[in-house]
Amino acid sequence: MSDPETGPEPPAADRRPRIAAAVAAAVLFAGVGAVLAVSTPWQPLPGDVPGGRARPDPALDFTPAEIARSRAFDHALTPPAYTGLAVGLLVVFGLGFTPLGARLLGWTTARVRRWPLRVAAAAIVLTTLLRLIGLPFDAWSEAVLRRYGLSTQSWGAWLGDQARSLAVTWVIWTIALLLLYALLRRFPRYWWAGAAAGAFVLVTVVSFAYPVVVEPVFNKFEPLPAGRLRTDLLAMADRDGVPVKDVLVADASRRTTALNAYVSGFGSTRRIVVYDTLLKSPRPQIESIVAHELGHAEHQDVLWGTLIGALGVSGGVCLLYLLASSPRVLRRAGVGARAPGERGSGAADPRAVALLLALVTAGTTVSGPVQNLVSRHIEARADAHALDLTRDPGTFATMQHALSVRNISDLSPDVLERLLWSTHPSGPERIAMARDWARMHRAAVPPPLAGR
Ligand SMILES: [Zn+2]
């Protein structure tokens, strides 16, 4: 069948790269599925619990006032979170899956002649536009955080953060798109193979370099000062058999009153970071949190996450090729199909950046709930590790209670909230696990914490 806009169906020879890309995508996504199936701790606390597993129950450990405050905070954050998400998706898809984005980029980059500059300009125009559209919703959320005393930032400092985060986005998108377009123009039929391999390397490099390149853009990190806490934490890491050179303290208090800690990087860039807000907590509670982070380090969670991310992004690139070389998709995006042997049209047209951004956003939106599901299991395993290491479920439960109250966590997230935002089990779920652990190990079961 012939189509006046796209020309005849591609000849049989042109179908070969599409079949190869489809096979590669299937193999890579099967790899993601296999690694996820094998590496995800689907049973974070294996074994039988005498009397059955404890049910998470906010009312057991949180006072009515704490529960009401958590609900009110959740209700205040819901409108900016959902409308911001919906508006953001609407704009990205509206620009990418209609000719609007191509037209916008056509106008804004009309004066730019060389393709690398046009691609960079397109990346900067689109990411800036999206950030600006998201800004009112983020400011709305920030105002809620401020009202509840969670944010310690001035509006000027907050805007500075937004600008810094936009700059990081520019750098990452510009580099990724320039590499992609170089391949796309050089190898119009098989660019996806090089792009998939390049994406694998890029995800790995970014994950490795993130703690030393990106994190310092936002925070200052100092080694935990010498003293009893430092000695105890390093001794605990040693006892755990996890080589930890240092525990770093981030100056998070200039932004937030929330308590947190994390592990990032792998190999020589791996680091355990605690928020300075945490340092005023009782020492056993800090140990409990660091023991959780040691669980991530011991199970190489960042490394596995990087491998899964790299495989997933590579598979996504093959899928991107299949969609972005489809005449129908290109026509919808207003960039037209590539004529055989012609460069700079179809997906190789810098105006197709809007389409690419929309396809990438669709991919990350679809994979988000899966990532959250896996993350919750990995976090639960790190909790189990903390309990095994400290053998102190009472302190663990008290610490989780303090964490939930201080961070005004959602104590009973609904299905949609779990799909979209919950990277960790809820506070009541984590406390219930401490009780399970105590029963399994015949330790003192943490008593109800409400009102203590
Ligand atoms: Zn964790």
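Whatever order the structure lists ligands and atoms in, that order sets their numbers, starting from 1.
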Review point. Hey, what's the ring geometry for Tyr190 with Trp192, parallel, tilted or perpendicular (30° and 60° as the breaks)?
Key: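 Taking Trp192 first and then Tyr190, their aromatic rings sit tilted (interplane angle of 30° to 60°).
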Point to revise | Residues Asp61, Arg435: salt bridge by 4.0 Å N-O rule | key: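 Looking at Arg435 together with Asp61, the answer is yes, because their closest N to O distance falls below 4.0 Å.
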Exercise for review: Keeping the roles fixed (side chain from Ser375, backbone from Gln371), state whether a donor-acceptor pair exists under 3.5 Å.
Suggested key: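 Looks like no, no N/O pair under 3.5 Å.
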Practice item. Hey, could you give me the CG/CZ distance between Leu45 and Arg381, rounded to the nearest 0.5 Å? Key: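 These two atoms lie 12.5 Å from each other.
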Exercise for review: With the Zn ion (ligand 1) as the centre, enumerate protein N/O/S atoms below 2.8 Å in chain and residue order.
Suggested key: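 Near the Zn ion (ligand 1), the protein supplies His292 NE2, His296 NE2, Glu379 OE1.
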Practice item. Examine the side chains of His424 and Glu429 and answer whether a donor and an acceptor come within less than 3.5 Å of each other. Key: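 There is no such pair (donor and acceptor under 3.5 Å, judged by atom type) between the side chains of His424 and Glu429.
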Review point. In chain order, what residues pass the side-chain contact (heavy atoms from CB on, under 4.5 Å) check against Ala121, with sequence neighbours excluded?
Key: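 So Ala121 forms a side-chain contact (heavy atoms from CB on, under 4.5 Å) with Thr109.
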